[in-house]
Q: 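Before I ask anything, let me first share the structure, which is written out below as C-alpha cells.
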Number of protein chains: 2
Amino acid sequence: MDQLQKFKDYLSLKGLKNTSQRLVILETFLSSESHYSTEDLYLKLRIEHPKIGYATVHRTLKLFAECGIAAERNFGDGQTRFEPVHGEEHHDHLVCTRCGLIIEFEEPQIEKLQESVAATHQFTIENHRLELYGLCSICTAADL
Amino acid sequence: MDQLQKFKDYLSLKGLKNTSQRLVILETFLSSESHYSTEDLYLKLRIEHPKIGYATVHRTLKLFAECGIAAERNFGDGQTRFEPVHGEEHHDHLVCTRCGLIIEFEEPQIEKLQESVAATHQFTIENHRLELYGLCSICTAADL
DNA sequence: AAGATATTGAAAACAATTTTCAGAAATTAG
DNA sequence: CTAATTTCTGAAAATTGTTTTCAATATCTT
C-alpha cells in the first residue's frame, strides 16, 4: 500500500478530514530529501503554497508520525526532524558535526547485540536510537 | 584526581571564580542519583539552599559539562539531563518509557561494530549515542 | 583594604513547539 | 443539493525549556 493510501485510511479511521493542505504537505514531504524540520518544510512549501501556515505544517508532520508515515528524529541541534518511513528496515544515522551531512546505515549485528543487552536486563525494547557523530569523509580530509 | 579538584583546576585555568554556590551545586550533583535536568537539580537544591537561582544551577551544569565532570544527555522528553562522569568507560542507556527508569550499560562489541560502520563511510567518529527505549522488567510484568 | 573582574538572582529575552479561536472547508444527513 | 455538523486552517498568543541581561554582590589579586 502506498503512503498516500495509508494516510487516507488513517484519516478516515480517526474521523479526520482530507484537506488540500494535508495532501500538498504529504506530497512535498515524500518527494525529496529527508530529515525535515518543521521550519525546513514550511519554508520549502511557502514557495509554491504561501498560504499554508506554520502551525498546519507542524500539525501535519505530527500526524504523519502518528500514522507511521514519518519518524521523528532529534539530532541534538534543538530541532525535531521528520523523515519519511517506507517500511524498510530500521536504520540509524551518521551525523557530520561540521557540515551537517546525515548518512543512514543499517547494521543488523548491532540490533542483535541490543536485543541481548535488553534481555540481560529483562527489558522489552520498543525502539531505539543510535547516532554516530563525527566528521564525514570530506570534512575529515579538510581537517588535515 | 577527584572531581572537586578537577573542577577547581578548571576554574583557575579559565580564570573563573570559586564560589560557594558552585561548590554546593557540585556536591549535590555528585552525591546522588544521576540524570538530573536543570529543574530536577534546582528543586532538590532549593530545599536546603533556597537562595540559589535557577539560572545559576543551569550555568553551573553547563560548566560541569565543559570541564568533563558531567555529560549532557537527551532522552527525547524535551529536557536536557546531566549525569556525573567518573572517568569510567563510555556507556549507553536503557530507558523505560513507562516509569522513566534509566539503566546504564556497556557493550564493547557494539562499539566495535560502530567503528566498522564508520570506517565503511570514511567517517571519523567523535562520539555517539545509543538509547534503547521500552519497558523495564517491572513494567513488562505489570503489562501482562 | 582597595581595585578589578567574575558571579549571582530575578526578570526579560529567546527559540521551538503547541494551543487558541473565529472564519473557512469538508463531510454527513436530510 | 442544501443545511447542519464537525473538523481544519492560519494568525496570533501561550507554553516550555533554555539563555541572556543587568545591577548588586562576592571573589581574587595586589
Side-chain angles (χ1 to χ4, degrees), chain A residues 4 7-29 35-67 70-82, chain B residues 4 7-26 28-29 35-67 70-82 100:
Chain A
L4 176 58
F7 184 54
K8 287 183 173 171
D9 289 353
Y10 183 78
L11 291 178
S12 63
L13 176 70
K14 291 280 186 174
L16 304 176
K17 289 174 179 168
N18 194 347
T19 67
S20 64
Q21 289 91 334
R22 283 174 178 169
L23 295 182
V24 164
I25 294 169
L26 179 59
E27 196 180 330
T28 304
F29 176 65
H35 307 112
Y36 279 115
S37 64
T38 299
E39 171 125 41
D40 291 341
L41 188 52
Y42 170 68
L43 292 175
K44 172 149 191 173
L45 280 160
R46 206 166 59 166
I47 298 168
E48 299 204 27
H49 305 276
K51 298 279 193 57
I52 295 182
Y54 183 96
T56 299
V57 175
H58 185 262
R59 282 184 285 227
T60 304
L61 281 171
K62 301 275 280 189
L63 201 53
F64 294 167
E66 264 174 56
C67 71
E72 280 187 59
R73 300 281 182 182
N74 186 309
F75 297 126
D77 63 349
Q79 287 207 305
T80 302
R81 290 172 194 285
F82 295 83
Chain B
L4 176 58
F7 185 53
K8 286 184 174 171
D9 288 354
Y10 183 79
L11 292 178
S12 63
L13 176 70
K14 292 279 187 173
L16 304 176
K17 289 174 180 170
N18 194 346
T19 69
S20 64
Q21 288 91 332
R22 284 175 175 167
L23 295 182
V24 164
I25 294 169
L26 179 59
T28 304
F29 177 65
H35 307 110
Y36 280 114
S37 64
T38 299
E39 171 124 42
D40 292 340
L41 187 52
Y42 170 67
L43 291 176
K44 173 152 189 168
L45 280 160
R46 205 167 60 166
I47 299 168
E48 299 203 28
H49 304 278
K51 298 278 194 56
I52 295 182
Y54 184 96
T56 300
V57 175
H58 186 264
R59 283 183 285 226
T60 304
L61 281 170
K62 301 277 277 190
L63 200 54
F64 294 166
E66 264 174 57
C67 71
E72 280 187 60
R73 300 281 182 180
N74 186 309
F75 297 125
D77 63 349
Q79 287 206 305
T80 302
R81 289 170 195 285
F82 295 82

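Below, chain A is the first sequence line, B the second, and so on; all start at residue 1.
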Q: Closest heavy-atom contact between Lys17(B) and Leu11(B)?
A: O-CD1, 3.8 Å
Q: Using atom NZ of Lys14(B) as one end and atom P of dC28(D) as the other, report the distance to the nearest whole Å.
A: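 Lys14(B) atom NZ is separated from dC28(D) atom P by 18 Å.
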Q: What are the two closest heavy atoms between Thr60(A) and Thr56(A), and how far apart are they?
A: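 Minimum heavy-atom separation between Thr60(A) and Thr56(A): OG1-O, 2.7 Å.
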Q: Heavy atoms from C-beta onward define the side chain here; which of dC8(D), dT7(C), dG10(D) lies closest to that of Arg22(B)?
A: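 From the listed options, dT7(C) comes nearest.
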Q: One pair to check against side-chain contact (heavy atoms from CB on, under 4.5 Å): Lys8(A) and Asn18(A). What are the steps and the verdict?
A: CA-CA 7 Å; Lys8(A) 287 183 173 171; Asn18(A) 194 347; 3.6 Å; yes
Q: Do any side-chain nitrogens or oxygens of His58(B) fall under 4.0 Å of OP1 or OP2 in dT19(D)?
A: yes
Q: Rounded to the Å, how far apart are Tyr54(B) OH and dA10(C) P?
A: 14 Å
Q: What is the separation between atom CG on Leu61(A) and atom C1' on dT9(D), rounded to the nearest whole Å?
A: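 After rounding, the reported distance stands at 15 Å.
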Q: May I ask you to evaluate whether Ser20(A) reaches the phosphate of dA25(C), defined as a side-chain N or O under 4.0 Å from OP1 or OP2?
A: no
Q: So Ser37(A), base contact, sugar-phosphate only, or nothing? Heavy-atom distance under 4.0 Å.
A: nothing
Q: Taking side chain to side chain contact (heavy atoms under 4.5 Å, CB included) as the test, write out the residues that go with Glu27(A), two or more places apart.
A: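 By the side chain to side chain contact (heavy atoms under 4.5 Å, CB included) rule, Glu27(A) matches no residue at all.
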Q: Please pick, from dG10(D), dA26(C), dT20(D), the nucleotide with the shortest atom-to-atom distance to any side-chain atom of Thr19(A).
A: dA26(C)
Q: Please determine whether a side-chain nitrogen or oxygen atom of Gln21(A) lies at a distance below 4.0 Å from atom OP1 or OP2 of dA25(C).
A: no
Q: Between Tyr42(A) and His58(A), is any pair of side-chain heavy atoms under 4.5 Å apart?
A: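 Contact flag for Tyr42(A)/His58(A) side chains = no.
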Q: Let me know the distance between CG of Leu23(B) and C1' of dT7(C), rounded to the nearest Å.
A: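 Answer to the nearest Å: 13 Å.
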Q: Taking the side chain of Lys17(A) as heavy atoms from C-beta outward, which of dT9(D), dT6(D), dG9(C) is closest to it?
A: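 Nucleotide nearest to Lys17(A)'s side chain: dT6(D).
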Q: With respect to the side chain of Lys51(A), which nucleotide from dG9(C), dG10(D), dC8(D) is positioned closest?
A: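 Minimum distance to the Lys51(A) side chain belongs to dG10(D).
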Q: Starting from C1' on dA24(C), measure out to CD1 on Ile52(A) and report it in whole angstrom.
A: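 So the two atoms are 15 Å apart, to the nearest Å.
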Q: Quick one: bend of the helix from dA1(C)-dT30(D) to dG30(C)-dC1(D) from 5 pairs per end, to 10°?
A: 30°
Q: So, applying ring-ring contact (aromatic ring centres under 6.0 Å, His included) with Phe64(A), which one of Tyr10(A), Phe7(A), Phe82(A), Tyr36(A) is it?
A: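 So, applying the ring-ring contact (aromatic ring centres under 6.0 Å, His included) to Phe64(A) and each of Tyr10(A), Phe7(A), Phe82(A), Tyr36(A), only Phe7(A) qualifies.
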Q: Between Asn18(A) and Thr38(B), who's closer to the 5' end of DNA chain D by nearest nucleotide?
A: Asn18(A)
Q: The side chain of Leu16(B) is closest to which nucleotide in this list: dT19(D), dG10(D), dA6(C)?
A: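 Ranking dT19(D), dG10(D), dA6(C) by closest atom to the Leu16(B) side chain puts dA6(C) first.
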Q: How many whole angstroms separate atom CD of Gln79(B) from atom C1' of dA16(C)?
A: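 It works out to 15 Å between those atoms.
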Q: Does dG9(C) have its OP1 or OP2 closer than 4.0 Å to a side-chain nitrogen or oxygen of Thr56(B)?
A: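 It does, given that an N or O in the side chain of Thr56(B) lies less than 4.0 Å from OP1 or OP2 of dG9(C).
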Q: Do Thr80(B) and Leu61(B) pass the side-chain contact (heavy atoms from CB on, under 4.5 Å) test, and can you show the C-alpha distance, the side-chain angles, and the key distance before you say yes or no?
A: CA-CA 10 Å; Thr80(B) 302; Leu61(B) 281 170; over 6 Å; no
Q: dT17(C) P sits how many Å from Lys62(A) NZ, rounded?
A: 9 Å
Q: More 5' along DNA chain C: Gly15(B) or Ala55(B), using each one's nearest nucleotide?
A: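 In this pair, the answer is Gly15(B).
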Q: Determine the sole option in Asp40(B), Thr38(B), Asn74(B) for which the side-chain hydrogen bond (donor to acceptor under 3.5 Å, both in side chains) test with Arg81(B) is passed.
A: Asp40(B)
Q: To the nearest angstrom, how far is Ile25(B) atom CD1 from dT8(C) atom C1'?
A: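 For the pair Ile25(B) CD1 and dT8(C) C1', the rounded distance is 10 Å.
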Q: So, does the side chain of Arg59(A) form a donor-acceptor pair with the base of dT20(C) at under 3.5 Å?
A: yes
